[in-house]
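One structure is given below, encoded as structure tokens.
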2 protein chains.
Amino acid sequence: MKNKKMKIARVESDVSQEQLAEIIGVTRQTINLIESGKYNPSLKLCIEICKALNKTLNDLFWEE
Amino acid sequence: MKNKKMKIARVESDVSQEQLAEIIGVTRQTINLIESGKYNPSLKLCIEICKALNKTLNDLFWEE
DNA sequence: TCATAATGTCAATTATATATTACATATTGT
DNA sequence: ACAATATGTAATATATAATTGACATTATGA
């Protein structure tokens with residue numbers, strides 16, 4: 001399942017996948033695959049994504 | 001950095017590391033190392049831990 | 001005090017997240 | 001229509017999460 005919340009938050013923050021990747025220090029592919037739902041990211045990476053997008057874990061990665 | 005919140009939640013739920021591991025379907029060592037702060041668990045595993053302990057990601061894995 | 005459960009940790013192996021490089025297809029602006 | 005940017009995806013390599021099995025230590029209860 002795609003991570004739509006993360007993509008929406010990223011677009012709202014007006015950053016590209018590549019820019020977000022640079023901010024966090026991972027590759028663009030990693031960001032792309034997480035948004036596509038093809039990676040099961042590590043907690044540390046999830047937290048870095050949240051901080052970069054001014055969101056919390058529940059905002060981006062918690063369902064229901 | 002130890003994951004004190006997770007340990008507290010587990011003890012409050014009155015389950016041992018081994019019982020929690022069984023519920024989730026991982027090994028006791030994995031639970032132990034996450035509580036000890038020596039593993040960087042996957043998002044999927046974090047979510048399973050939360051559900052087993054009736055908590056959310058923010059409850060157990062989000063700081064400040 | 002003794003037995004048992006719970007926890008901490010180690011070494012070796014396996015599975016998988018992430019990196020790297022590269023190419024293809026959208027998308028957007030001019 | 002063209003150029004530039006953004007996104008999707010594939011193959012291989014590497015780092016590390018997670019497993020397995022085992023042993024030691026620390027609670028906890030009888």
Side-chain angles (χ1 to χ4, degrees):
Chain A
M1 9 60 192
K2 292 193 169 202
N3 192 327
K4 207 166 178 182
K5 292 183 195 168
M6 175 175 157
K7 177 165 190 172
I8 290 171
R10 178 177 60 77
V11 171
E12 279 178 353
S13 290
D14 207 40
V15 293
S16 66
Q17 291 181 347
E18 188 160 29
Q19 289 172 325
L20 179 57
E22 272 176 31
I23 292 168
I24 296 173
V26 296
T27 62
R28 181 177 65 80
Q29 284 78 351
T30 296
I31 299 298
N32 185 288
L33 290 167
I34 293 169
E35 284 188 1
S36 307
K38 291 173 183 165
Y39 269 175
N40 175 23
S42 69
L43 173 61
K44 204 174 293 182
L45 180 49
C46 290
I47 290 173
E48 281 163 13
I49 291 169
C50 288
K51 289 184 176 167
L53 299 178
N54 281 313
K55 299 287 183 183
T56 71
L57 285 172
N58 282 4
D59 289 336
L60 300 188
F61 300 104
W62 185 251
E63 305 287 335
E64 144 224 34
Chain B
M1 8 45 201
K2 291 193 170 200
N3 192 327
K4 206 165 179 181
K5 291 181 194 169
M6 174 176 157
K7 177 166 190 171
I8 290 172
R10 178 178 59 76
V11 172
E12 279 177 352
S13 290
D14 207 39
V15 292
S16 67
Q17 291 182 347
E18 187 160 29
Q19 288 171 326
L20 179 57
E22 271 174 32
I23 292 167
I24 295 173
V26 296
T27 62
R28 181 178 66 81
Q29 285 80 346
T30 297
I31 300 297
N32 185 288
L33 289 167
I34 292 169
E35 284 188 1
S36 308
K38 291 172 184 167
Y39 269 173
N40 175 23
S42 69
L43 174 61
K44 204 174 292 181
L45 179 49
C46 290
I47 289 172
E48 281 163 15
I49 291 169
C50 288
K51 288 183 176 167
L53 299 178
N54 281 312
K55 298 286 182 183
T56 71
L57 285 172
N58 282 4
D59 290 335
L60 301 189
F61 299 105
W62 184 252
E63 305 287 335
E64 142 218 33

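Values below: every heavy atom of this structure, side chains too, minus hydrogens, waters and symmetry copies.
Across all strands shown, Leu33(B) has no heavy atoms under 4.0 Å from either base or sugar-phosphate atoms.
Under the side chain to side chain contact (heavy atoms under 4.5 Å, CB included) rule, Thr56(B) has a single partner from Asn58(B), Leu60(B), Asn54(B), Leu53(B), which is Asn58(B).
Listed here is the closest heavy atom pair of Ile47(A) and Phe61(B): CD1-O, 3.6 Å. The two atoms that bring Cys50(A) and Leu57(A) nearest to each other are SG-N, 3.5 Å, heavy atoms only.
Whole-Å rounding puts the Ile34(B) CD1 to dT7(C) P distance at 14 Å. Summarising the geometry, the separation between CG on Leu45(A) and P on dT16(D) is reported as 14 Å, rounded to the nearest angstrom. In this structure, the CD atom of Glu48(A) is 14 Å from the C1' atom of dA17(C), given to the nearest Å. For the pair Leu43(B) CG and dT16(C) C1', the interatomic distance rounds to 15 Å; values are reported in whole Å. The separation between Glu35(B) atom CD and dT9(C) atom C1' is 14 Å, rounded to whole Å. In this structure, Lys38(B) atom NZ and dC10(C) atom C1' are separated by 10 Å, rounded to whole Å.
Here Lys51(A) contributes atom NZ and Glu63(B) contributes atom CD; the two are 8.0 Å apart, rounded to the nearest 0.5 Å. Interatomic distance, Ser16(A) OG to Glu22(A) CD, rounded to the nearest 0.5 Å: 7.5 Å. To the nearest 0.5 angstrom, Arg10(B) atom CZ is 4.0 Å from Glu35(B) atom CD.
One finds a side-chain N or O of Ser42(B) lying less than 4.0 angstrom from the OP1 or OP2 phosphate oxygen of dA18(D). For dA17(D), the OP1/OP2 oxygens have no side-chain nitrogen or oxygen of Lys44(A) closer than 4.0 Å. Contact between the side-chain N/O atoms of Asn32(A) and the OP1/OP2 oxygens of dG8(D) is found at a separation under 4.0 Å.
Near-neighbour residues of DNA chain C inside residues 5-23 of chain B, defined by a heavy atom below 4.0 Å, number-ordered: Lys7(B), Arg10(B), Ser16(B), Gln17(B).
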Please step through side-chain contact (heavy atoms from CB on, under 4.5 Å) for the pair Ile49(B) and Ile34(B), ending with a clear verdict. CA-CA 11 Å; Ile49(B) 291 169; Ile34(B) 292 169; 4.1 Å; yes

Can you check side-chain contact (heavy atoms from CB on, under 4.5 Å) on Ile24(B) and Thr30(B), steps first, answer last? CA-CA 11 Å; Ile24(B) 295 173; Thr30(B) 297; over 6 Å; no

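Counting only distance, with no hydrogens or angles, the side chain of Asn40(B) and the backbone of Ser42(A) share no donor-acceptor pair below 3.5 Å.
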For every nucleotide of nucleotides 20-30 of chain D, 5' to 3': is a protein heavy atom under 4.0 Å from its base (B), only from its sugar-phosphate (S), or from neither (-)? BBB--------

